[in-house]
Number of protein chains: 2
Amino acid sequence: MQLAHVQDRFEAFLKEKGLRHTPQREGIVNSAFATTEHFTADELWDRARRHDASTSRATVYRTLSLLVESGLLHEIDLGKENKHYDPNFLDHPDHNHLICTDCDKVVEFEDDHINLLEDCITRRLGFKPTRKMIRIEASCDELKRFGACSRNREKEPSCEIEE
Amino acid sequence: MQLAHVQDRFEAFLKEKGLRHTPQREGIVNSAFATTEHFTADELWDRARRHDASTSRATVYRTLSLLVESGLLHEIDLGKENKHYDPNFLDHPDHNHLICTDCDKVVEFEDDHINLLEDCITRRLGFKPTRKMIRIEASCDELKRFGACSRNREKEPSCEIEE
DNA sequence: GTTTCTGCAAAGGTTTTGCAACAAA
DNA sequence: TTTGTTGCAAAACCTTTGCAGAAAC
């Protein structure tokens, strides 16, 4: 995802709603989309303060709401206590999450069949799908078989898309 | 679900862990499984106090943890701010939730195809599935077409299983 | 010049915890 | 009698909000 593209879309969103472009909002958006990693509100606050130490927690929360409302960011439930935010829906609008109960890592995946099936089920029940989410908790095969899990040794972001 | 069966299983769980059977715990379990409806911790507290007015919020939270740990109750995320609990997993271990964005009602559904597909995807990614959840947010067809939604007029519990 | 935005601190809401009295086994 | 449990109140935690000053347009 090009950061510039996100910035453009967010500015368009602000303009459309008669809201203002501020350096704080820009800094927070940049922090949110700097990597593909998921984050909590507090983690985003930390990142944003590295660029502008005066950024307040309140502004982070307020900007997060705007980002979710604009559709740029999605709120996701990883089964942890607090809310996580996912910046990868622009590139992969229909992805889902697999959470490893051993590695504690999150693997994003896409699957056309499951999308289609969800659509069918929803229509059969008399509804029109608007938003779908799948969360799978799973244990690592590799760990069970070889006593170690390669994912644990990785330094890369935990949320690459696999197919 | 026979309430007696739940009570038995919960007592077995307590015994196994060296925990005690108390009237408060019994009352909370009865309240949780009195209907098939989902509930929040506070709603459960209300119900439990109808039977024993002295039941404290703290004990409700502590008992909820035990019920989830024992597998009798599942924590679910309905997209609302707080956690909801679902007592229907004993009868329907693999059910999922469709949340109507118009009616605000929750329809539970099961589908073998989607279960199988989730399993395949998980194994393909190198994992062994332990817990899967699907949440679909959808709008009501009936409402869109006829200007009214029959679900809104229903008084029945909102979480019947449909196939 | 208006109107919105910010940071701060306080308040809100939910969940957890320390503790002394109490109750189950 | 021992050990776990309860209710209470306080604390912890995350998120929202009221407000006065600052900044965008």
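So that the names make sense, note that chain A is the first sequence line, chain B the second, and so on, each numbered from 1. It should be emphasised that the depicted structure is a prediction, and the values quoted were computed from it without experimental measurement.
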(request) Tell me which nucleotide among dT14(C), dA24(C), dG7(C) gets nearest to the side chain of T59(A). (result) dG7(C)

(message) What is the distance, to the nearest angstrom, from the OH atom on Y61(A) to the C1' atom on dA9(C)?
(response) 15 Å

(message) Going 5' to 3' along DNA chain D, between which two nucleotides do contacts with chain B fall, using a heavy-atom cut-off of 4.0 Å?
(response) dT3(D) to dC8(D)

(request) Would you please indicate yes or no on a ring centroid separation below 6.0 angstrom for Y85(A) and H38(A)? (result) no

(message) Please pick, from dT15(C), dC5(C), dA25(C), the nucleotide with the shortest atom-to-atom distance to any side-chain atom of K83(B).
(response) dT15(C)

(request) Specify the separation, in whole Å, of atom CG of L44(B) and atom C1' of dT15(C). (result) 14 Å

(message) How many whole angstroms separate atom CD1 of I28(A) from atom C1' of dG7(C)?
(response) 12 Å

(message) Starting the side chain at C-beta, find the nucleotide from dA25(C), dT6(C), dA9(C) nearest to R20(B).
(response) dA25(C)

(message) Could you check whether R57(B) pairs with D46(B) (Lys NZ or Arg NE/NH1/NH2 to Asp/Glu carboxylate O, under 4.0 Å)?
(response) no

(request) Remember a base hit wins even if backbone is also touched, and classify T55(B) as base, sugar-phosphate or nothing at under 4.0 Å, heavy atoms. (result) sugar-phosphate

(request) Please tell me which of the listed nucleotides, dT6(C), dA25(C), dT15(C), lies nearest to the side chain of T22(A)? (result) dT6(C)

(message) Using whole Å, what does the distance between atom C1' of nucleotide dA24(C) and atom CG of L14(B) come to?
(response) 12 Å

(message) If we count only N and O atoms by modelled type, under 3.5 Å, do the side chains of D42(B) and T40(B) hold a donor and an acceptor together?
(response) no

(request) Report yes if a side-chain nitrogen or oxygen of R25(A) is closer than 4.0 Å to either non-bridging phosphate oxygen (OP1 or OP2) of dT6(C); otherwise report no. (result) yes

(message) Please compare N82(B) and A58(B) by the position of their nearest nucleotide in DNA chain C and report the one closer to 5'.
(response) N82(B)

(request) Specify whether H92(A) and H95(A) have parallel, tilted or perpendicular ring planes, treating 30° as the upper limit for parallel and 60° as the lower limit for perpendicular. (result) perpendicular

(message) Side chain of L19(A) only, heavy atoms from C-beta on: which candidate in dC5(C), dT16(C), dC8(C) is closest?
(response) dC5(C)

(message) Under a 3.5 Å threshold, yes or no: a donor from one side chain and an acceptor from the other, between E26(A) and H21(A)?
(response) yes

(message) For the NZ atom on K80(A), are there more than 12 heavy atoms of other groups (residues, nucleotides or ligands in this structure) within a distance under 6.0 Å?
(response) yes

(request) Answer yes if the side chains of D86(B) and H97(B) hold a donor-acceptor pair under 3.5 Å, and no otherwise. (result) yes

(message) I want to check one thing: is the phosphate of dT6(C), taken as OP1 and OP2, less than 4.0 Å away from some side-chain N or O of S54(A)?
(response) no

(message) I want to confirm an ordering. Mapping P23(B) and T63(A) to their closest nucleotides on DNA chain C, which one lands closer to the 5' end?
(response) T63(A)

